[in-house]
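Each chain gets a letter, A, B and so on, in the order its sequence line appears, and its residues count up from 1. Please read all numbers here as calculations on a predicted model, not as lab measurements.
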Amino acid sequence: MYSLKIENLAKRFGPRKVFADINFELQTGGSIAIVGPNGSGKSTLVKVILGLLRPTLGTVGFSLDGKNMTESETRSRTSFVAPYLSLYDHLSGEENLKFFSAVAGDHVTGKEINALLARVGLEGRGTDYLADYSSGMKQRLKYAVALLNKPDFLFLDEPTSNLDEEGKGMVSQLVEQYRKQSMVVLATNEPQEYGFAEQICRLGG
Amino acid sequence: MPNKSAGLAAKAFAVYAKDMRLELRSRYALNAILMFGITTLAVVSFSLGQFGLSPKFLAALFWIIMFFSAMSGLAQAFIREEEAQTVLALKLTADPDAIYIGKLLFNFTLLGIMTVIVTPLFFIFTDAPTANLFRFILVLILGIIGLCGATTLVAAIISKASVKGALFSVLSFPVLMPLLISLVSASEKVFDGLPLGNIAAELQFLLAYAVIMVTASIMLFKFVWQE
């Protein structure tokens, strides 16, 4: 059983307080939506939890069966999708998937790549360079990369950004599946996405 | 947890192969390095005409070309990740050691290609003595490892700065100064035709510098990368 425990988390950028006193705990099968208006610190909170930014105060702990996980163990079990996370434009969709799999220490087969691309609605477009993808297609490929390692911690920032209705449906199904078998943390200001999660963490008053 | 069977070497190779593939598609860093090296050599060659240079000047000239060629292209390994905003995906997926080793190998390959092209041209254009070529190649290899070891870490440091190019040279220069002095001294002795024993001190220093730089960079990179 994986756990994520956030205790008294606070972040300041110089004199400006972004958020303070954030506390929550999640376990495998749990999900939380971090919600709030623009500029309330949703993305910053996600980045702090992922270790991309240092908190000003508080702690973030990932554990497996009560035992603290190392940074490397957490990294290998975590996936993240966000509009500001970019993949390689001058690699094809397949090359991006192969690279992110190899650099994480895995090996992905051609069959698995095709299955992932089909899952995110990019069937037949795997050999195209990302530079030729639309923003929605790039967002779909980020989901394919995120699913490569069958994550136990799935973080989604603005999960349906740039996606059409079909893409939004794909995200909805995916979140539904992963919140049962792993842990989902999503940051959004779209009220219709609040329902993706069981708990809500409200920022910005 | 799933078994992550691939080791550090396989992960580093994935980073290296990705960078080589991107470089072969854009040729940005390679073109910058080669253009600087070949242009400088051509200008010096035309300026010198039939007048030869002393071994001291030949050695200094060669390593000036190598230093500034390295400065023009080696920072790209990290700047490209930062500018394309792919650094976040890389940070979340890859082991910092694998990233550093992959980027170091990439820079070593770039500078190696540049050396293979520019060095023969240097000997042709400047009439530098070729009698002790094996010794010169030994100095070259140690020099390139030292250059890459130091500059790859500096490239990671400056990749977030706004004036990357200038900062890269300014920060690299003091770190590379002892290396360059030793390289010029060793090359001068090689061009002078002195026996291997006479450049032993320089070779020992170059080897120690390369080992220390690469080891220290691997140890420090994690802190640079995560901030």
message: Which atoms of B/A98 are under 4.5 Å from chain A, going by heavy atoms: the side chain, the backbone, both sets, or neither?
response: neither
statement: Per-residue tally against chain A (heavy atom, under 4.5 Å) across B/G102, B/P96, B/A89 peaks at B/A89
Residues B/F106, B/V15; criterion side chain to side chain contact (heavy atoms under 4.5 Å, CB included); working and verdict: CA-CA 9 Å; B/F106 171 70; B/V15 174; over 6 Å; no
query: Top residue by heavy-atom pair count (under 4.5 Å) with chain A, among B/L22, B/I99, B/L92, B/L88?
result: B/L92
statement: Note: vs chain B, highest number of non-hydrogen pairs under 4.5 angstrom among A/H107, A/K98, A/K47, A/E71 is A/E71
Side chain, backbone, both or neither of A/Y129 within contact of chain B (heavy atoms, under 4.5 Å): side chain
- prompt: Say you draw a straight line from CD1 of A/I34 to CG of A/L186; how long is it, rounded to the nearest 0.5 Å?
  reply: 8.0 Å
query: Taking the six-membered ring for Trp, are B/F122 and B/F136 ring centroids under 6.0 Å apart?
result: no
field: Verdict with supporting geometry, B/L105 and B/F13, side chain to side chain contact (heavy atoms under 4.5 Å, CB included)
entry: CA-CA 9 Å; B/L105 289 175; B/F13 182 76; 6.0 Å; no
Interface moiety of A/F80 toward chain B, non-hydrogen atoms closer than 4.5 Å: side chain
task: Show the numbers, then the answer: is there a side chain to side chain contact (heavy atoms under 4.5 Å, CB included) between A/L147 and A/L174?
output: CA-CA 10 Å; A/L147 301 184; A/L174 194 145; 3.6 Å; yes
